[in-house]
K.L.:
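Handing you a structure now.
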Amino acid sequence: MPEGDTVWRSCRRLHEVLAGRTLTRSEFRVPALATTDLTGTRVLEVRSRGKHQLFRFDNQMTLHTHLRMEGTWRIFTAGRRWSGGPGHEIRSILATAEHDAVGYRLPVIELIPTANESDAVGHLGPDLLGPDWDPEEAGRRMSAEPDRTIGEALLDQRNLAGIGTLYRAEVLFLQGLHPRTPVAKVKNLTRLVERAQQLLFVNRWRPEQATTGDLRPGRRTYVFDRELEPCRRCGTPIQAETFGPLGQERRSFWCPRCQPLVETDVSA
Ligand SMILES: [Zn+2]
């Protein structure tokens, strides 16, 4: 699943090729937008908000898309063959004289008045890579549910927008926190989310997501996707489990030695 940094980079690329240009062709292959044609409309900007994409047009409308697990926006030089998947998986085409932006397998695609964007993304917490980033507000939102696990709180986009399973696993390792630690037991939520923001920030321009500082394949993460492999710090086999709210269960990775579970206060 794309995380906030991947969506941010994708929107920057889309913005570079589309912003300020007039659409020479548009297609939406979803029933609600089947007859919509934006040909002749100018693209003002393309922005990310957490893991959402917002394409703003000069007709005061915004195309809102979300990639979820499978979706992707691909950019091709005009006239080149498209290679993002079979044609029946295409949900949207936005073309200018120079480029074709093609949205594949987009589970969320809707056209809304720009003035009503908050209906689509207003529920999101501070965006780790957005101008509104506010670690204290993210911490406040997480503390509102003190009994919840920190692993679930970090993935809840209403608390802070942009973290997926990779950055969750990695930031919890770096802070020595077991994913099932209750939020109330995390001493410094602000520090935790600041650390997460730093991880996304350093990765925002590169396709390889590395939290170890080592970009070589197989060395990029401490615990993510390393089940039963030795911890890079202590050698203990990395553990994994799937947990989370019903229907939103996600894979979690941790080192049992570096990230012990602290559920209750130890009385002196
Ligand atoms: Zn360890």
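Atoms within a ligand are numbered from 1 in the order they appear, just like the ligands themselves. Along the sequence shown, residues are numbered consecutively beginning with 1.
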K.L.:
Using a cut-off of 2.8 Å, how many protein N, O or S atoms lie below it in distance from the Zn ion (ligand 1)?
P.N.:
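Excluding waters, the total comes to 4.
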K.L.:
Just by distance, do the side chain of E145 and the backbone of S143 share a donor-acceptor pair under 3.5 Å?
P.N.:
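No; judged by distance alone, with no hydrogens or angles, the pair does not exist.
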K.L.:
Identify, with sequence neighbours excluded, every residue that meets ring-ring contact (aromatic ring centres under 6.0 Å, His included) alongside H66.
P.N.:
H52
K.L.:
Taking side chain to side chain contact (heavy atoms under 4.5 Å, CB included) as the test, write out the residues that go with Q248, two or more places apart.
P.N.:
P245
K.L.:
So, using ring-ring contact (aromatic ring centres under 6.0 Å, His included) as the criterion, who are the partners of Y104 when residues are at least two apart?
P.N.:
none
K.L.:
What I want to find out is whether R141 reaches E137 closely enough, with some N-O distance under 4.0 Å, to be called a salt bridge.
P.N.:
yes
K.L.:
Would you please indicate yes or no on a ring centroid separation below 6.0 angstrom for W254 and Y222?
P.N.:
no
